[in-house]
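Quick note on labels: first sequence line is chain A, next is B, and so on, each numbered from 1. All values derive from a computational prediction rather than experimental measurement.
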Amino acid sequence: MIDREVADSLPRKNGELVFEAPWEGRAFGMAVVTHAKGVYQWGDFRDRLVERVSEGSTHYYRDWLNALEAVLLARGAIEPDELEARVKEYKELRRDPVF
Amino acid sequence: MSEHTHHHHDDHDHDHDHGHHPEPPSDVEARALALESLLREKGLISGEEIDRIVSAYEHDIGPMIGARVVARAWTDADYRQRLLADPAAAVAELHPSGPSATNLAVVANTPEVHNLVVCTLCSCYPWAVLGLPPSWYKSPPYRSRAVSEPREVLKEFGLELPSSVRVNVWDSSSDLRYMVLPERPAGTEGWSEEELVALVTRDSMIGVARPQAPAGARS
């Protein structure tokens, strides 16, 4: 399911993947599943990820999630307004967590 | 040998406590939640699909906690003492949000003593620091031979110890789960903690391997 190109983008230490918190695993899983379903081209995501990481950021999965949002917005899979509204609902504890 | 309560590994389920968050999620958590809930509603993903991907890698959460603990112990003598004296508290220091490492015992390798961990009765394992046990750890041959002929077992893992080194075998139970604190490899003087973390393998914390500095390591 994870092809070579995808595998090369994943953070590895000890040759193994690393998630430090549940949301990191969810962000990772969302990218892999939506790509597998053809929602976006991996290269489009990777370019955005590389761009963010090379800006000297400090958190790999924050960049990952950010790049995934960007590529899904660009593909029209989600709308900016609905995303921000949903984020606000979670911040204000008005919605049950999905993970 | 103390009694093993056959607790097996229903205890590695991660508690999420979801549905009753006492505090708002962090910004990045809220964004991940928002994105996943929208993608689900649109039918682009299902929660189960994400679960499968995540669980496929879940075991990788663990060994990194142990590796960080070991690297810190190598670089900070006070931390090393705390780790040996009160492992659960020392692990929590570095990983406050991680699973609680209660019942953890840390045994330190020295030039004279090599430690090896096994669970002879089942598969008790310090999952809070090492993740899920490898399949060989649960296999009957390892469980019996690690005790009866540890040097042979180590040789099969590619670790040949001089006869001057004593091998101590620690039998884990659900009440006491052992983790090995390996020795810092020679040639890693001046390495940063992050660089050291990368040398600490899961197997070295079970005691079937030693961390190796890459050939040509700068000293």
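Using a 30° and 60° split on the angle between ring planes, B:Tyr142 and B:Tyr137 fall in the tilted class, from 30° to 60°.
Here B:Glu193 does not pair with B:Arg184 in a salt bridge; the nearest charged N to carboxylate O distance is not below 4.0 Å. Here A:Asp81 does not pair with A:Arg86 in a salt bridge; the nearest charged N to carboxylate O distance is not below 4.0 Å. Under a 4.0 Å N-O distance rule, the pair B:Arg151/B:Glu160 does not qualify as a salt bridge.
Chain B forms the most heavy-atom pairs under 4.5 Å with one residue out of A:Glu89, A:Arg95, A:Lys88, A:Glu84, and that residue is A:Glu84. Of the listed residues (B:Arg31, B:Lys42, B:Arg40, B:Glu49), the greatest number of heavy-atom pairs within a distance under 4.5 Å of chain A belongs to B:Arg31.
Heavy-atom distances place no part of A:Ala85 under 4.5 Å from chain B, backbone and side chain included. In this structure, chain B has heavy atoms under 4.5 Å from both the backbone and the side chain of A:Lys91. At a 4.5 Å heavy-atom cutoff, the contact between B:Leu39 and chain A is made by side-chain atoms alone.
Ring pair A:Trp23/A:Phe28: centre-to-centre distance not below 6.0 Å.
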